[in-house]
There are 2 protein chains.
Amino acid sequence: MQHFDVNWLLSRAAHGLREAMDTEAMAHGTSIRGQIVLTALVQNSHPDARPYSQLALGHALGVDKTTMTALLDKLERQGLVVRTPDPNDRRARIPVPTEAGRELQAKLYHQLAAVEDRVLADLAPAERDVLRSLLRRIISTEEPVEGSCV
Amino acid sequence: MQHFDVNWLLSRAAHGLREAMDTEAMAHGTSIRGQIVLTALVQNSHPDARPYSQLALGHALGVDKTTMTALLDKLERQGLVVRTPDPNDRRARIPVPTEAGRELQAKLYHQLAAVEDRVLADLAPAERDVLRSLLRRIISTEEPVEGSCV
DNA sequence: TATTGTTATACTCTATAACTATA
DNA sequence: TATAGTTATAGAGTATAACAATA
């Protein structure tokens, strides 16, 4: 496990952090993945931003369109997101966070940051930045990702 | 996604690397997880090492005993591992790699290292060491792990 | 013809609970 | 009583294929 253990280390670290954050998110009736989608939508709803279609959103977050359909189904059922028609393309739909969605996103944002802080407690702020930077470079090698969300 | 995106970055990086390595492993009839189990068993079969029970092996690799049962079932079906009785505890079983298991592990070891090399191509050797070190520290914060395998 | 989104389906990974055989 | 391992089962995450509506 000395020369190709990065895969194992990544899987373990990802699983542990996700579990910790999901526990916190589920205490508020949602999930870490729901919060990621919600956050991407909120952060992309500036007046000068082009709104995400479902496909664009899925591409930005690295998930398949079928996965995105399931995620949005759940968020819409909870009243956190509504799907609005795209005026320029009648095939496409634009997911928009509701007021309740924005409120939950803002509340969870800080609480999930606290959980991440706890799990990364051993890493100094500069080390966390290094980690983020290294991970971004791995991901962009694997598959190009637009910079809007990461 | 600025202050709690480590979870997302880890998930993406882990998924991408796993997929690349699994593609290579499956071309040889096994999986990355099968290879991880096999490698742990081979590396722990020094004369002076205490052999892993299934439970100890699962704990070392961070997987549940039920997951370990399924992994060993597959490896045993392929003739890569046999489960031998523990002479000191008749409840326990000691998984031992067969000769075929050792050969496949050795062959895949280098080929999977090459895949990891390819995915981590943008990272200098020193940066990969930093990444491993940071990930180890996250994992050990989440849950203590004995040092034999990592 | 190609694309957006949905549905149905399947496969992997993980975990919980109930069971057995030992300790 | 507690532990090692198995089985059954369920849930989350991912992906493929077929389809409807639209481009």
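Chain identifiers are assigned alphabetically (A, B, ...) following the order of the sequence lines, protein sequences preceding nucleic acid strands; residue numbering begins at 1 within each chain. All figures in this text were calculated on a predicted structure; none of them were measured in a lab. In what follows, every heavy atom counts, from backbone to side chain, and hydrogens, waters and symmetry copies are set aside.
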Tell me: CG of A:Asp73 to P of C:dA8, nearest whole Å? 11 Å
Side chain to side chain donor-acceptor pair (under 3.5 Å) partners for B:Glu103, two or more places apart: none
Output the rounded distance in Å from CE (A:Met68) to C1' (D:dA15). 14 Å
Counting only side-chain nitrogens and oxygens, does A:Thr69 get under 4.0 Å of the OP1 or OP2 atom of C:dG5? no
Rounding to an integer number of Å, can you tell me how far B:Asp22 CG sits from D:dT14 P? 15 Å
Please list, one pair per line, the donor and acceptor atoms closer than 3.5 Å that link side chains of residues 70-82 of chain B to other protein atoms, with sequence neighbours excluded.
from: B:Asp73; atom 1: OD1; to: B:Arg83; atom 2: NH2; distance (Å): 2.3
from: B:Glu76; atom 1: OE1; to: B:Arg83; atom 2: NE; distance (Å): 3.0
from: B:Glu76; atom 1: OE1; to: B:Arg83; atom 2: NH2; distance (Å): 3.3
from: B:Glu76; atom 1: OE2; to: B:Arg83; atom 2: N; distance (Å): 3.0
from: B:Gln78; atom 1: NE2; to: B:Gly29; atom 2: O; distance (Å): 2.5

Can you tell me how far P of C:dT4 sits from CG of A:Leu72, to the nearest Å? 15 Å
Between atom CE in B:Met21 and atom C1' in C:dC13, what is the gap in whole Å? 17 Å
Measure CH2/B:Trp8 against C1'/D:dT14 and give the value in whole Å, please. 16 Å
Return the value, rounded to whole Å, for the distance between atom NZ of B:Lys74 and atom P of C:dC11. 11 Å
For B:Ala49, what residues pass the side chain to side chain contact (heavy atoms under 4.5 Å, CB included) criterion, not counting sequence neighbours? B:Asn44, B:His46
Using a heavy-atom cut-off of 4.0 Å across all strands, would you classify B:Ser53 as base, sugar-phosphate, or nothing? sugar-phosphate
B:Arg93 side-chain N/O to D:dT6 phosphate OP1/OP2 under 4.0 Å: yes
For B:Leu61 and C:dC13, what is the distance between atoms CG and P respectively, to the nearest whole Å? 14 Å
Should side-chain heavy atoms under 4.5 Å link Ile, Leu, Val, Met, Phe, Trp and Tyr, which residues sit in the same cluster as A:Leu55? none
Going by the salt bridge (charged side-chain N to carboxylate O under 4.0 Å, His left out) test, which pairs reach into residues 27-56 of chain A, not counting sequence neighbours? none
For the backbone of A:Arg93 and the side chain of A:Asp86, can you confirm whether one donor and one acceptor N or O come within less than 3.5 Å of each other? no
Protein proximity profile, nucleotides 14-23 of chain C - base contact B, sugar-phosphate-only contact S, no contact -, cut-off 4.0 Å on heavy atoms: SBBB---BBS
Name the closest nucleotide to the A:Ala92 side chain, picking from C:dT4, C:dT6, D:dG5. C:dT4
B:Arg132 with B:Glu116: basic N within carboxylate O range, under 4.0 Å: yes
